[in-house]
**Q** 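Below is one structure. I have some questions about it.
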2 protein chains.
Amino acid sequence: MAFDKSLLAGSTGMLILKLLSREDMYGYQMIETLATLSDDTFSLKAGTLYPLLHNLEENGLVTCYEAQAGQARVRKYYSITKDGRKALEVKETEWQSFTETVNKVLKGGVSYAY
Amino acid sequence: MAFDKSLLAGSTGMLILKLLSREDMYGYQMIETLATLSDDTFSLKAGTLYPLLHNLEENGLVTCYEAQAGQARVRKYYSITKDGRKALEVKETEWQSFTETVNKVLKGGVSYAY
DNA sequence: TTCGATATATCGATTATCTATATATAGTAT
DNA sequence: ATACTATATATAGATAATCGATATATCGAA
């Protein structure tokens, strides 16, 4: 990460759901897609992603199915559910409101009379 | 918090340094100022702030001095250091780059050919 | 004189990230 | 063939940042 990794806290789930709102993906593919879309700024680690996916599945926001990829290799594809789309919408709204508020505090300086 | 509290992770230190870049403040005042500037969206908890201030002090980003406030009450004012201002600048740049990247991924949907 | 607001502090729980490790298949270069 | 790298999923332990709960004490107002 080029920045404090803790900045990512809370937004990773949103980003994953966003990817899945466009198409079904398997884990490794999500890592690579996120890296590409972010110009290699986000290098999400496997140790972060897989537990997160299992958690999203437990909470009914994604479902999982297996697909053959080669003779012996099986990939686990994830698909977003209706609840997942709702959760994504909520998270996106939260994110916009959060960043607006932070930027408001950051810019607040000049206009406040102390 | 009106949103997932973990979104705040990593940005609280930046916000506190930002407040202190404008004027010296004591802890309780920072909590109230943040609430006011954010229209009560940020309700930073004392249990978060005081350890954070001690940590900033340990790292030389702020200094502390006491000031009388009443007969018996003493307030602990914090003042940002030169290193603190440098760290703030870095954190603000990080923050802008981070949010831009997240928004890029969020908007990325339509323009990508799969 | 009591109660709520002000003011600082610490502790334990929770959560999200990371690194390291493990396992196995697929492809490529030597 | 063989070895190395990339692909692919998974778990365990460490670290860091937040919270809620709790503690203590002063101040101001009803």
Side-chain angles (χ1 to χ4, degrees), chain A residues 1-17 24-36 41-59 62 64-78 91 94-95 98 102, chain B residues 1-17 24-36 41-59 62 64-78 91 94-95 98 102:
Chain A
M1 295 292 156
F3 43 79
D4 183 355
K5 69 190 177 186
S6 67
L7 281 176
L8 212 56
S11 57
T12 305
M14 172 182 70
L15 294 175
I16 293 303
L17 287 176
D24 291 0
M25 282 192 183
Y26 55 96
Y28 195 85
Q29 186 186 8
M30 298 176 204
I31 291 173
E32 293 206 304
T33 305
L34 257 190
T36 302
T41 306
F42 295 160
S43 52
L44 184 59
K45 299 306 180 296
T48 305
L49 178 62
Y50 292 109
L52 170 61
L53 286 173
H54 301 156
N55 181 264
L56 291 174
E57 193 179 10
E58 272 172 41
N59 290 299
V62 303
C64 180
Y65 59 93
E66 300 195 333
Q68 212 66 26
Q71 275 76 45
R73 171 160 290 180
V74 171
R75 287 181 183 142
K76 294 195 174 176
Y77 279 85
Y78 288 86
K91 278 168 187 287
E94 245 177 56
W95 167 255
F98 170 69
V102 170
Chain B
M1 297 293 157
F3 43 79
D4 183 355
K5 69 190 177 187
S6 67
L7 281 176
L8 213 54
S11 58
T12 305
M14 171 183 69
L15 294 175
I16 293 304
L17 287 176
D24 291 1
M25 283 193 183
Y26 55 95
Y28 195 84
Q29 186 185 8
M30 299 176 204
I31 291 173
E32 293 204 304
T33 304
L34 258 190
T36 302
T41 306
F42 294 161
S43 52
L44 185 58
K45 300 306 180 295
T48 305
L49 178 63
Y50 291 110
L52 170 62
L53 285 173
H54 302 156
N55 180 264
L56 291 174
E57 195 180 9
E58 273 173 41
N59 289 300
V62 303
C64 180
Y65 59 92
E66 300 195 335
Q68 211 66 26
Q71 275 78 43
R73 171 160 292 180
V74 171
R75 288 181 183 141
K76 294 195 174 176
Y77 280 83
Y78 289 86
K91 279 168 186 287
E94 245 177 55
W95 167 255
F98 171 68
V102 169

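The model shown is predicted, which means the values in this text are computed figures rather than measured ones. Letters go in sequence order (proteins before strands), and every chain restarts at 1.
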**Q** Quick one: does A/Asn55's side chain have a donor or acceptor within less than 3.5 Å of a partner on A/Pro51's backbone?
**A**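 No.
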
**Q** Take the protein atom CD of B/Gln68 and the nucleotide atom C1' of C/dT6, then report the distance between them rounded to whole Å.
**A**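 Answer to the nearest Å: 15 Å.
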
**Q** With a 4.0 Å cutoff (strictly under), does any side-chain N or O of B/Lys5 reach OP1 or OP2 of D/dG20?
**A**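 No, because none of the side-chain N or O atoms of B/Lys5 sits under 4.0 Å from OP1 or OP2 of D/dG20.
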
**Q** Between B/Tyr77, B/Tyr50, B/Tyr65, which is the residue that forms a ring pair (Phe, Tyr, Trp, His ring centres under 6.0 Å) with B/Tyr26?
**A**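 Testing B/Tyr26 for a ring pair (Phe, Tyr, Trp, His ring centres under 6.0 Å) against B/Tyr77, B/Tyr50, B/Tyr65 leaves exactly one candidate, B/Tyr77.
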
**Q** Measure distances between side-chain N and O atoms of B/Arg75 and base N and O atoms of C/dT8, and say whether any donor-acceptor pair falls under 3.5 Å.
**A**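 No.
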
**Q** Should A/Thr12 be listed as having a side-chain N or O under 4.0 Å from OP1 or OP2 of C/dA16?
**A**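 So the side chain of A/Thr12 is outside the cut-off, no N or O lying under 4.0 Å from OP1 or OP2 of C/dA16.
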
**Q** For the CD1 atom of A/Ile16 and the CE atom of A/Met25, what is their distance to the nearest 0.5 Å?
**A**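 Spacing of CD1 (A/Ile16) from CE (A/Met25) equals 8.5 Å.
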
**Q** Nearest to the side chain of B/Tyr28 - D/dT9, C/dA9, C/dT8?
**A**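 The closest nucleotide is C/dT8.
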
**Q** Could you tell me whether A/Gly47 contacts a base, only the sugar-phosphate backbone, or nothing, with contacts defined as non-hydrogen atoms closer than 4.0 Å?
**A**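 Base contact.
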
**Q** Rounded off to whole Å, could you give me the CD-to-P distance for the A/Glu32 and D/dT9 pair?
**A**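 After rounding, the gap between these two atoms is 11 Å.
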
**Q** Is any side-chain N or O of A/Tyr26 closer than 4.0 Å to OP1 or OP2 of D/dA8?
**A**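 Yes, within the criterion.
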
**Q** Starting at CG of B/Leu15, measure out to CG of B/Leu44 and round the result to the nearest 0.5 Å.
**A**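 Between atom CG of B/Leu15 and atom CG of B/Leu44 there are 8.5 Å.
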
**Q** Check the distance between C/dA7's P and B/Glu66's CD and give it to me in whole angstrom.
**A**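 So the two atoms are 14 Å apart, to the nearest Å.
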
**Q** To the nearest Å, give me how far apart CD (B/Gln29) and P (C/dT6) are.
**A**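 Answer to the nearest Å: 12 Å.
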
**Q** Taking it one step at a time, do A/Glu57 and A/Tyr78 satisfy side chain to side chain contact (heavy atoms under 4.5 Å, CB included)?
**A** CA-CA 9 Å; A/Glu57 193 179 10; A/Tyr78 288 86; 4.2 Å; yes

**Q** With sugar-phosphate meaning primed atoms plus P, OP1 and OP2, does B/Gln71 contact a base, only sugar-phosphate, or nothing at under 4.0 Å between heavy atoms?
**A**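 Sugar-phosphate contact only.
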
**Q** Which part of the nucleic acid does A/Gly10 contact within heavy-atom distance under 4.0 Å: base, sugar-phosphate only, or nothing?
**A**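 Result for A/Gly10 = sugar-phosphate.
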
**Q** For A/Pro51 and for A/Arg73, find the nucleotide of DNA chain D with the closest heavy atom, then tell me which residue's nucleotide is more 5'.
**A**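 Looking at the nearest nucleotide for each, A/Arg73 comes out on the 5' side.
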
**Q** Can you tell which of D/dA17, D/dC19, D/dT9 lies closest to the side chain of B/Ala9?
**A**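 The listed nucleotide nearest to B/Ala9's side chain is D/dA17.
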
**Q** Rounded to the Å, how far apart are B/Tyr50 OH and D/dT22 P?
**A**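 Rounded to whole Å, this separation is 19 Å.
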
**Q** Taking Watson-Crick (N1-N3 plus N6-O4 or O6-N4) and G-U wobble (N1-O2, O6-N3), each under 3.5 Å, can you produce the dot-bracket string of DNA chain C? Use [ ] for crossing pairs and | for inter-strand ones.
**A** ||||||||||||||||||||||||||||||

**Q** Taking OP1 and OP2 of D/dT11, is either one under 4.0 Å from a side-chain nitrogen or oxygen of A/His54?
**A**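 For A/His54, the contact criterion (side-chain N or O under 4.0 Å from OP1 or OP2 of D/dT11) is met.
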
**Q** Within a reach of under 6.0 Å around CD of A/Gln71, are more than 12 heavy atoms found that belong to other residues, nucleotides or ligands?
**A**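 Open.
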
**Q** Verify the contact: side-chain N or O of B/Thr48 to OP1 or OP2 of D/dC19, cut-off strictly under 4.0 Å; return yes or no.
**A**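 Yes, such a contact exists.
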
**Q** Let me spell it out: for each of A/Ser11 and A/Ala72, pick the nucleotide of DNA chain C with the closest heavy atom. Which residue's pick is nearer the 5' end?
**A**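 That would be A/Ser11.
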
**Q** With sugar-phosphate meaning primed atoms plus P, OP1 and OP2, does B/Gly27 contact a base, only sugar-phosphate, or nothing at under 4.0 Å between heavy atoms?
**A**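 Here B/Gly27 touches the backbone only, sparing every base.
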
**Q** Between atom CG in B/Leu56 and atom P in C/dA9, what is the gap in whole Å?
**A**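 Distance check: B/Leu56 CG to C/dA9 P gives 13 Å.
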
**Q** Could you state the atom-to-atom distance from CG of B/Asn55 to P of C/dT10 in whole Å?
**A**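 After rounding, the gap between these two atoms is 13 Å.
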
**Q** Expressed in angstrom and rounded to an integer, what is the separation of A/Leu44 atom CG from C/dT17 atom C1'?
**A**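 To the nearest whole Å, that distance equals 9 Å.
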
**Q** Using side chain to side chain contact (heavy atoms under 4.5 Å, CB included), reason through B/Leu53 and B/Lys76 one step at a time and then give a plain yes or no.
**A** CA-CA 11 Å; B/Leu53 285 173; B/Lys76 294 195 174 176; over 6 Å; no

**Q** Taking atom CD1 of B/Ile31 and atom OG1 of B/Thr36, what is their separation to the nearest 0.5 Å?
**A**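 Going from the CD1 atom of B/Ile31 to the OG1 atom of B/Thr36 covers 12.0 Å.
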
